[in-house]
Amino acid sequence: MRARDEQPAPLGDLLNTLASRLRRVDLRVIDEARKLWPTVVDPVLAEHCRVELIKDGVLIVSVPSGAFAQRVMNESPSILDRFSTLGKRAPTSLKTVTRRA
């Protein structure tokens, strides 16, 4: 418990603590992965597919169709290799989910 004369914790610190407790999802690494995405895949995939989540080492990418899902999965080894710049937080596998229109 905080003493009355102490300053409150910054909101960012509290949100980071909360985020790390929620389902083992690190919101910071997701944000970093979303920024990396256009540099990791070709422009067509970058435009139509989106990084949704990284959970338990799985990169989850939403795609608009089965054709895009197949393309992302075919390129998954090189995609995962390029995400290795995230270090120990890098995904080790990839899964696609089809977005509903």
Side-chain angles (χ1 to χ4, degrees):
M1 184 172 214
R2 292 181 172 274
R4 289 184 184 258
D5 57 332
E6 284 187 44
Q7 293 294 320
L11 181 58
D13 292 348
L14 295 173
L15 290 175
N16 283 335
T17 300
L18 179 62
S20 67
R21 292 181 183 171
L22 293 174
R23 300 180 301 157
R24 291 182 276 187
V25 172
D26 186 342
L27 298 177
R28 295 165 297 190
V29 75
I30 295 168
D31 188 48
E32 288 177 48
R34 286 180 177 160
K35 289 176 185 172
L36 273 175
W37 184 248
T39 67
V40 167
V41 297
D42 72 59
V44 173
L45 288 181
E47 181 181 346
H48 295 284
C49 305
R50 175 185 159 100
V51 169
E52 293 296 334
L53 193 62
I54 297 176
K55 182 178 176 187
D56 298 328
V58 180
L59 172 65
I60 300 172
V61 178
S62 65
V63 296
S65 68
F68 277 101
Q70 185 64 41
R71 189 161 170 207
V72 168
M73 292 309 294
N74 286 343
E75 296 184 24
S76 65
S78 64
I79 291 170
L80 292 170
D81 184 56
R82 292 178 186 137
F83 272 104
S84 66
T85 60
L86 295 174
K88 66 180 182 174
R89 302 171 305 153
T92 55
S93 63
L94 189 147
K95 176 182 173 183
T96 60
V97 293
T98 306
R99 295 191 280 276
R100 294 185 181 173

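Checked against salt bridge (Lys or Arg N to Asp or Glu O under 4.0 Å), R82 has no partners two or more places apart in sequence or in another chain. Looking at residues two or more places apart in sequence or on another chain, you find no salt bridge (Lys or Arg N to Asp or Glu O under 4.0 Å) involving K88. Not counting sequence neighbours, the partners of A90 by the side-chain contact (heavy atoms from CB on, under 4.5 Å) test are L86. Taking E32 as the reference, R89 meet the side chain to side chain donor-acceptor pair (under 3.5 Å) condition, with sequence neighbours excluded.
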Item to check | Test side-chain contact (heavy atoms from CB on, under 4.5 Å) applied to V61 and I79, step by step | outcome: CA-CA 11 Å; V61 178; I79 291 170; over 6 Å; no
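With contacts defined as side-chain heavy-atom distances shorter than 4.5 Å, the pair S62/C49 does not qualify. Side-chain contact between F83 and T92 is absent, with no heavy atoms from C-beta onward closer than 4.5 Å.
The heavy-atom pair separating P91 from L80 by the smallest distance is O-CD2, 3.8 Å. Closest non-hydrogen pair, L53 versus I30, comes out as CD1-CD1, 3.6 Å. Of all the heavy atoms in A46 and V41, the pair that sits closest is N-CG2, 3.5 Å. For V63 against A69, the heavy-atom pair with the smallest separation is CG2-CB, 3.8 Å.
For the ring pair (Phe, Tyr, Trp, His ring centres under 6.0 Å) condition, the pairs that include at least one residue of residues 43-64, sequence neighbours left out, are H48-F68. Evaluation of the salt bridge (charged side-chain N to carboxylate O under 4.0 Å, His left out) test over residues 71-80, restricted to residues two or more places apart or in two chains, returns D42-R71, R71-E75.
To the nearest 0.5 Å, atoms NZ (K95) and OG (S76) are separated by 14.0 Å.
A donor-acceptor distance shorter than 3.5 angstrom exists from the side chain of R34 to the backbone of E52, with no hydrogens or angles considered.
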